Amino acid sequence: MRPFIARAAIGLGLGAALLSSSFYRVDPWERAVVFDRLRRTCDTTGEGIHFNIPIVQKPFIWDIRSRPVTLTCSSLPTKDSHSVDLTAHVFFRPDISHLSQALQTLGPDCHLKLRQICLTTLASAISNLNADQLGAELPTINALLRDSLIRGAREHNIVVEDVFITNVSYDLR
């Protein structure tokens, strides 16, 4: 009688574990990209409680809210070979309509990749400017940096919502 109870308890425990891992929850500020290992496809699901087949399907939960990132670039060279230190705030979010492609290209932690994309884009935009332009035409430079960051991030399925420069210092030696 005891081996039967032990087997039944083990069976019920495994069944409960399988059942609990078959459901996942997506909050209103999140989206899930479900990778299906059999069909080799990715599907996007919205908020709610969803069913998945354990081991066959793997959900990746993405936060789709806007996030701020502070970028600090030091010693960026300008077109006239001056050194510029720049601090900018960028608000971004993943592109909801291309979440499955973003998962394949960026991985689940897109905010780390965005920092690299932004730093590269800022460096290339600053290298096309003179140091005296940075001081005199700051709103124009801010718009130029915003446009270049939007274009650079769009290639990686990231939506840049706002960019603003908080600090610019340069050495005119």
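Side-chain atoms are counted along with the backbone in the values below, which use heavy atoms only and exclude waters and symmetry mates. Values in this document were obtained by computation on a predicted structure and should not be read as measured data.
Put simply, the side chain of Val56 does not reach to within 4.5 Å of the side chain of Phe35, judged on heavy atoms. Inter-residue side-chain proximity for Val160 and Val90 is flagged as met; some heavy-atom pair is nearer than 4.5 Å.
Under the 4.5 Å side-chain heavy-atom criterion for grouping Ile, Leu, Val, Met, Phe, Trp and Tyr, Val159 is not connected to Leu71 through any hydrophobic cluster. Grouping the Ile, Leu, Val, Met, Phe, Trp and Tyr side chains by contacts below 4.5 angstrom, directly or via other members, places Leu149 apart from Phe164. Hydrophobic clustering of Ile, Leu, Val, Met, Phe, Trp and Tyr side chains at less than 4.5 Å, counting indirect connections, unites Ile53 with Leu38.
Interatomic distance, NE2 of His89 versus CG of Asp162, reported as 11.0 Å (0.5 Å rounding). Taking CD1 of Ile150 as the reference point, atom CD1 of Ile158 lies at 12.5 Å (rounded to 0.5 Å). Atom OG of Ser148 is separated from atom CG of Asn128 by 9.5 Å, given to the nearest 0.5 angstrom.
Residues passing the side chain to side chain donor-acceptor pair (under 3.5 Å) test with Glu161, sequence neighbours excluded: Ser66, Arg93. Among residues two or more places apart in sequence or in another chain, the ring-ring contact (aromatic ring centres under 6.0 Å, His included) test is passed with Phe91 by none. Every side-chain contact (heavy atoms from CB on, under 4.5 Å) that Thr72 has, sequence neighbours left out, goes to Thr70, Thr87. The side chain to side chain donor-acceptor pair (under 3.5 Å) search around Asp27 returns Arg25, not counting sequence neighbours.
Ala32 and Val26 make their closest contact through CB-CG2, 3.6 Å (heavy atoms, listed as atom of the first residue, atom of the second, distance). Residues Phe23 and Asn52 share a closest heavy-atom pair of N-OD1, 3.8 Å. Pairing each heavy atom of Pro94 with each of Leu99, the nearest pair is CB-CD2, 3.8 Å. Summarising the geometry of Val34 relative to Gln57, their closest heavy-atom pair is CG1-CB, 3.9 Å, with the distance given to 0.1 Å.
Within the structure, every pair that satisfies the side chain to side chain donor-acceptor pair (under 3.5 Å) test and touches residues 28-39, not counting sequence neighbours, is listed here: Asp36-Arg39, Arg39-Asp43.
Of the possible polar contacts, one joining the His50 side chain to the Gly46 backbone as a donor-acceptor pair under 3.5 Å is found.
Other cluster members for Ile55: none, since no ILVMFWY side-chain heavy atom sits under 4.5 Å from it.
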(message) Is there a side-chain contact (heavy atoms from CB on, under 4.5 Å) between Asp85 and Asn167? Walk through the geometry before answering.
(response) CA-CA 8 Å; Asp85 296 333; Asn167 185 20; over 6 Å; no
